[in-house]
Amino acid sequence: MSKSRKYTVIALVIIGISLIVYSLKMSMDQKVVEDVSKEVLKETVTIENPVKLNILDEHPDMSGYMYLEDENPNFEEITIAETLRLFDEKGSAVIVLSSDRCPWCEVAIPVLNEVSKELGQVVYYVNAASPYNVSSTEEKAQMIDRLTKELDPVLEEEENGEKTLYIPLVVGIKDGVPVKGHVALVEGVESDEMGPKLTEAQKEELKEIYRDLFKAVSK
C-alpha cells in the first residue's frame, strides 16, 4: 500500500471515529435537554387545608373499581358530614363523589388517581353508595340537600333549570368555596356492554381537566 493511500485510510478512520463521538455527544445532549424540559414542564401543586378532617379510612377499599390497577391509590375516604365541614370552616381540598357501582366512575377514578399522584395531592373520596354517618333517613336527606346547595356553583343545570348532583363528580374547594367541578367523563365517549371506554386522546383530555381543577385550588 502506498503511503498516500495509507494516510487516506487513517484519515477516513479518524473522521469516522469523530463522527461517532459527535453523534453520541449530540444524543447525550439531546437527552439532557429532554430531561431538563421534563423537569421544567413538571408542575407542582400546593393545597393548604386548615381543616383537620376526620378520615373514615386512609386506605379505602377501591377494589370494586375494575380499571384501577394501582394497589396504593391516592384517596382518603371521608363522609358527607366531613365534606360539609370544608364549607363551614373554609377548608381547601379536592373531593370526588363516586361509587364502584357506577360504570362512569370506574373509568374516571383511575385517571383521577394518576393526576393526583402526578401532582402529589390526595383526593378525598366520598363513597356515594354509603357516605353517611347519620341516624335517620330524614337526616340523610337533609345532608344531601345541603351538599347539593353548597355545590350549586359547579353543578350542571338541567333543561328544566334545576341542578342535580350526578357522579362521578370531582370538585375543587378553596377557602370553603367550590371553585371548579367536573362531572362524568368527556364529550364523545362511546360505551359497549362493559361500559364507557376512553381513547388515549380522551384520557389525556380528562387528565388536563383534572389538572386544571387541582390548580384552581392550589395556593
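Within a 6.0 Å sphere centred on CD of Glu156, other residues, nucleotides and ligands contribute 12 heavy atoms or fewer. Under a cut-off of 6.0 angstrom, the local environment of NZ in Lys149 is sparse, with at most 12 non-hydrogen atoms contributed by other residues, nucleotides or ligands. Within 6.0 Å of the CZ atom in Arg146, the count of heavy atoms belonging to other residues, nucleotides or ligands exceeds 12. With a 6.0 Å radius and a threshold of 12 heavy atoms from other residues, nucleotides or ligands, Lys207 has its NZ atom above the threshold. Within 6.0 Å of atom CD in Glu187, 12 or fewer heavy atoms from other residues, nucleotides or ligands are found, so the atom counts as exposed in its surroundings.
Looking at Thr46, its side chain never comes within 3.5 Å of a backbone N or O of Ser218 through a donor-acceptor pair. Judged purely by atom type and a 3.5 angstrom limit, Lys163 uses its side chain to pair as donor or acceptor with the backbone of Asp152. Glu82 places a side-chain N or O within 3.5 Å of a backbone atom of Asn54 that can act as its donor or acceptor partner. With hydrogens and angles ignored, the 3.5 Å screen pairs no side-chain donor or acceptor of Gln202 with any backbone N or O of Val186. Checked by atom type and distance alone, the side chain of Arg101 never pairs as donor or acceptor with a backbone atom of Gly64 at under 3.5 Å.
Expressed to the nearest 0.5 Å, how far OG1 of Thr79 lies from CZ of Arg85 amounts to 9.5 Å. Here NZ of Lys180 is found 8.5 Å from CD1 of Ile209. Values are rounded to the nearest 0.5 Å. Taken to the nearest 0.5 Å, the CG atom of Asp57 stands 10.5 Å off from the OH atom of Tyr125. The distance from the CG atom of Leu68 to the CE atom of Met62 is 6.0 Å, given to the nearest 0.5 Å. Here Ile144 contributes atom CD1 and Leu165 contributes atom CG; the two are 7.0 Å apart, rounded to the nearest 0.5 Å. For the atom pair Glu205 CD and Thr199 OG1, the distance stands at 8.5 Å (nearest 0.5 Å).
Nearest heavy-atom pair, Glu77 versus Asn127, reported as atom, atom and distance to 0.1 Å: OE2-CB, 3.6 Å. Nearest heavy atom pair, residue Val51 against residue Gly91, reads CG2-CA, 3.6 Å. Of all the heavy atoms in Val123 and Ser116, the pair that sits closest is CG2-CB, 3.7 Å. When every heavy atom of Pro110 is checked against every heavy atom of Cys105, the shortest pair comes out as CD-O, 4.4 Å. For the residue pair Ser92 and Pro50, the shortest heavy atom distance occurs at N-CD, 4.3 Å. Of all heavy-atom pairs spanning Gln121 and Phe214, the tightest one is CB-CE2, 3.7 Å.
At least one side-chain heavy atom of His182 sits under 4.5 Å from a side-chain heavy atom of Leu206. Inter-residue side-chain proximity for Leu97 and Thr83 is flagged as unmet; no heavy-atom pair is nearer than 4.5 Å. Between Leu53 and Leu86, some side-chain heavy-atom pair lies under the 4.5 Å cut-off. The side-chain heavy atoms of Leu147 and Phe87, taken from C-beta on, include a pair separated by under 4.5 Å. For the pair Ser98/Tyr65, a side-chain contact is recorded, criterion being any heavy-atom separation below 4.5 Å from C-beta on. Taking 4.5 Å as the limit, some side-chain heavy atom of Lys215 sits within range of a side-chain heavy atom of Asp212.
Each of Leu151, Ile95, Val96 was checked for a side chain to side chain contact (heavy atoms under 4.5 Å, CB included) with Leu169, and the lone residue meeting it is Leu151. Evaluated for a side chain to side chain contact (heavy atoms under 4.5 Å, CB included) with Leu155, the options Val171, Thr164, Thr148 yield exactly one hit, Thr148. Among the candidates Ile78, Val94, Leu56, the single residue satisfying the side chain to side chain contact (heavy atoms under 4.5 Å, CB included) test with Tyr124 is Ile78.
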CA sep, side-chain torsions, deciding dist, call: Lys117, Asp70, side-chain contact (heavy atoms from CB on, under 4.5 Å): CA-CA 11 Å; Lys117 286 202 162 183; Asp70 190 343; 2.7 Å; yes

Determine, stepwise, if the pair Trp104 / Val183 fulfils side-chain contact (heavy atoms from CB on, under 4.5 Å). CA-CA 10 Å; Trp104 298 84; Val183 67; over 6 Å; no

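Ionic pairing of Arg211 and Glu208 is present here: one or more N-O contacts between side-chain nitrogen and carboxylate oxygen are shorter than 4.0 angstrom.
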